[in-house]
Amino acid sequence: MTSLHDRHINPLILAGLDGKNWHLADYVKRGGYESLKRILNDKITPEQVIAELKASSLRGRGGAGFPTGLKWSFMPRQFPGQKYLVCNSDEGEPGTFKDRDILRYNPHALIEGMIIGGYAMGITVGYNYIHGEIWSEYALFEDALEEARAAGFLGDRILGADFSFQLHAFHGYGAYICGEETALLESLEGKKGQPRFKPPFPASFGLYGKPTTINNTETFAAVPFIFQMGAAKYAEIGKPNNGGTKIFSISGDVEKPGNYEIPLGTPFAKLLELAGGMRGGKKIKAVIPGGSSAPVIRGEIMMDTDMDYDAIAKAGSMLGSGAVIVMDETRCMVKSLLRLSYFYFEESCGQCTPCREGTGWMYRVVERIENGKGRPEDLDLLNSVADNIQGRTICALGDAAAMPVRAFIKNYREEFEYHIEHKHCLVPAYL
């Protein structure tokens, strides 16, 4: 028997797609909407749908990795008023570009997944919040919605069943903070995109104050494939507690950056091989495995790490959105942190004092070190500021800004100390 490390698993969500075969007719040829048909025609109960999701070990693909079936079970199905289903397609974190490819290449998988979600949770209205800086994908998704409505997959009494579901696209405003679920809800309501205090959580008080479930684009797009192959088979693709495939957006110093859909638990070394290896044959130095907010890992450690939630957590980081940023031996870690710190300083919504003041403070200190004006006490100062941001804000943007600072200093402290002492970068000294 071959191990997960050896066997080849074909992609599910991104299988055989070329940018032209996204239409409804193409999706149906690939088995599209068969899961929805089976659920409605065989009268599979909502409880059975949720149980199947739990058995699949599908975890949220947006970053938190929360079990999807469990999340769906939180929705109060018997609530007498309107309930809402929301897809978070507000993909704005540096290094992340998987969801836009789902919208571009396989929008009907997302639509079918959301319809199944609506059925499972007794929800009749859904919204897909799409990042404001991607227009063509938004327009294409609108076209896909029209195709689904015309074919009877959306609207009243879908496929003749006693179930109706309306789905709408909403074009966001390009703010990174709107990727936070409650800021997204505020934006959907036409307000300034700022996070809400929790509790109450969206499952009890969400869009327009009604019960709401929010999942990521990739999460919804995976749902039809679970019902096509069965939960047990889907779970077997990955590892225990890490079921199915995952799309990894690999960028940086690799020969073939792009999206690669592989089983969860695949070794990072295999993913790097799929991406053509290190560009120019250079040595790997650092990897950010889950989007720019995830703590950086030294390259040699990452080469011995598997790509799943638990293994990456054990290595000291998090899988996050699956955005893998690879850096080779020529990259200056101080300059890399400067770019990240500037991003979070610029994108802070300003609602919380620790984040509003702390992100700018960290950016200015890192900039000082990069420009040869650093002081020995600056590293302790950066850690102190990060400690006073992390866990002290309404949403996780503060954590997202603090974690890279702490991880870069922890894993590459010698490089920061060299900058401070010699007033220039360490990198040319050993190349």
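For clarity, every value in this text was computed on a predicted model and none was experimentally measured. Along the sequence shown, residues carry numbers from 1.
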Using ring pair (Phe, Tyr, Trp, His ring centres under 6.0 Å), reason through Y119 and F165 one step at a time and then give a plain yes or no.
CA-CA 8 Å; Y119 173 80; F165 186 75; over 10 Å; no
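- Between H422 and H424, the ring-plane angle classifies as tilted under the 30° and 60° cut-offs.
- Within 6.0 Å of CZ on F163 lie more than 12 heavy atoms contributed by other residues, nucleotides or ligands.
- Listed here is the closest heavy atom pair of E93 and G291: OE2-C, 3.2 Å.
- Checking side-chain atoms of T245 against main-chain N and O of L12 turns up no donor-acceptor pair under 3.5 Å.
- Between R368 and D378, at least one side-chain nitrogen of the basic residue sits less than 4.0 Å from a carboxylate oxygen of the acidic one, meeting the salt-bridge criterion.
- Using modelled atom types, one side-chain atom of E112 and one backbone atom of L36 make a donor-acceptor pair closer than 3.5 Å.
- The cationic group of R59 does not satisfy the cation-pi geometry with F66, failing either the under 6.0 Å distance to the six-membered ring centre or the 45° limit from the ring axis.
- In R339, the CZ atom is not crowded: 12 or fewer heavy atoms of neighbouring residues, nucleotides or ligands sit closer than 6.0 Å.
- Checked by atom type and distance alone, the side chain of E255 never pairs as donor or acceptor with a backbone atom of A275 at under 3.5 Å.
- Distance alone, capped at 3.5 Å, is enough to place a donor-acceptor pair between the S204 side chain and the F201 backbone.
- With no hydrogens or angles considered, a side-chain donor-acceptor pair links W72 and N215 at under 3.5 Å.
- Annotation: W361, atom CH2; neighbour count of heavy atoms from other residues, nucleotides and ligands within 6.0 Å does not exceed 12.
- The shortest heavy-atom contact between I177 and C349 is CG1-CB, 4.1 Å.
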For a ring pair (Phe, Tyr, Trp, His ring centres under 6.0 Å) check, start with the C-alpha distance between F343 and Y176, then their side-chain angles and the critical distance, and finish with the verdict.
CA-CA 10 Å; F343 173 81; Y176 173 69; 5.0 Å; yes
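- Without hydrogens or angle criteria, Q351 side chain to P195 main chain gives a donor-acceptor distance under 3.5 Å.
- For the pair N88/T217, no side-chain contact is recorded, criterion being any heavy-atom separation below 4.5 Å from C-beta on.
- Side-chain contact check for F408 versus V366: every heavy-atom pair is 4.5 Å or farther apart.
- By the 4.0 Å N-to-carboxylate-O rule, E186 lies close enough to R196 to be salt-bridged with it.
- Residue C178 holds its SG atom at 6.5 Å from CG of L184, rounded to the nearest 0.5 Å.
- Ion pairing between a basic and an acidic side chain is recognised when a charged N comes within 4.0 Å of a carboxylate O; E370 and K335 show no such pairing.
- A 4.5 Å side-chain heavy-atom check between T182 and P202 finds at least one atom pair inside the cut-off.
- The backbone N or O of A402 lies less than 3.5 Å from no partner atom in the side chain of Q390, so there is not a single donor-acceptor pair.
- No side-chain heavy atom of N411 sits under 4.5 Å from any side-chain heavy atom of I297.
- Between Y33 and H108, the ring planes lie perpendicular to each other; the angle is over 60°, past the 30° to 60° tilted range.
- With K98 contributing its side chain and E218 its backbone, the two residues share no donor-acceptor pair below 3.5 Å.
- With salt bridges taken as basic N to acidic carboxylate O contacts below 4.0 Å, none links K246 and D308.
- Neither side chain, T219 nor T68, offers a donor N or O lying under 3.5 Å from an acceptor on the other.
- From I226, atom CD1 reaches atom OG of S56 across 3.5 Å, with rounding to the nearest 0.5 Å.
- Taking the side chain as every heavy atom from C-beta outward, H171 and N128 never approach each other to under 4.5 Å.
- Note that the NE2 atom of H419 and the NZ atom of K373 stand 14.0 Å from one another [nearest 0.5 Å].
- Put simply, the side chain of P46 does not reach to within 4.5 Å of the side chain of M121, judged on heavy atoms.
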Does E189 form a side chain to side chain donor-acceptor pair (under 3.5 Å) with S187? I'd like the steps, not just the answer.
CA-CA 5 Å; E189 293 178 3; S187 181; over 6 Å; no
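- Going from atom CG of L207 over to atom CG of L85 covers 11.0 Å, rounded to the nearest 0.5 Å.
- Nearest heavy-atom pair, M303 versus L272, reported as atom, atom and distance to 0.1 Å: SD-CD2, 3.9 Å.
- How far OG of S336 is from OH of Y412: 9.5 Å, rounded to the nearest 0.5 Å.
- The two residues T393 and C355 make their nearest non-hydrogen contact at CG2-CB, 3.8 Å.
- Among all heavy-atom pairs drawn from G243 and R61, the shortest one is O-NH2, 2.9 Å.
- At a threshold of 4.0 Å, the pair E236-K233 does not count as salt-bridged, since none of the basic side-chain nitrogens sits closer than that to a carboxylate oxygen.
- A salt bridge is absent between K285 and D328: the closest approach of a Lys/Arg side-chain nitrogen to an acidic carboxylate oxygen does not fall below 4.0 angstrom.
- I420 and G374 make their closest contact through CG2-O, 3.6 Å (heavy atoms, listed as atom of the first residue, atom of the second, distance).
- A donor-acceptor pair shorter than 3.5 Å can be found between the side chains of T124 and Q82.
- Counting heavy atoms of neighbouring residues, nucleotides and ligands inside a 6.0 Å radius, atom NZ of K198 exceeds 12 of them.
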I would like to know whether D304 and K314 meet salt bridge (charged side-chain N to carboxylate O under 4.0 Å, His left out); could you show each step before the answer?
CA-CA 12 Å; D304 292 325; K314 187 176 179 181; over 6 Å; no
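- With hydrogens and angles disregarded, a donor-acceptor distance shorter than 3.5 Å links the side chain of T266 to the backbone of P263.
- Looking at E91, its side chain does come within 3.5 Å of a backbone N or O of R100 through a donor-acceptor pair.
- Ion pairing of R298 with E329 is absent here, as no side-chain N (NZ or NE/NH1/NH2) approaches a carboxylate O to less than 4.0 Å.
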Would you please test T96 and S249 for side chain to side chain donor-acceptor pair (under 3.5 Å) and show each step?
CA-CA 6 Å; T96 309; S249 305; over 6 Å; no
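- Residues F170 and Y129 are in side-chain contact: their nearest non-hydrogen atoms beyond the backbone lie under 4.5 Å apart.
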Y363 vs E367, test: side chain to side chain donor-acceptor pair (under 3.5 Å). Steps then yes/no.
CA-CA 6 Å; Y363 164 66; E367 183 183 40; 3.3 Å; yes
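- Taking the six-membered ring where the residue is Trp, the centroids of Y208 and Y84 are separated by under 6.0 Å.
- Comment: K239 engages D306 in a salt bridge, judged by a side-chain N to carboxylate O separation of less than 4.0 angstrom.
- Between E421 and R375 there is no salt bridge, since no side-chain nitrogen of the basic residue lies less than 4.0 Å from a carboxylate oxygen of the acidic one.
- Taking OG1 from T330 and CZ from R279, the interatomic distance works out to 8.5 Å, rounded to the nearest 0.5 Å.
- At a threshold of 4.5 Å between non-hydrogen side-chain atoms, the residues I262 and K270 do not count as touching.
- Residue L381 is tested with L379, N383, V385 for a side chain to side chain contact (heavy atoms under 4.5 Å, CB included); the sole match is V385.
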Working for side chain to side chain donor-acceptor pair (under 3.5 Å), residues D310 and N242
CA-CA 8 Å; D310 303 324; N242 292 267; 3.0 Å; yes
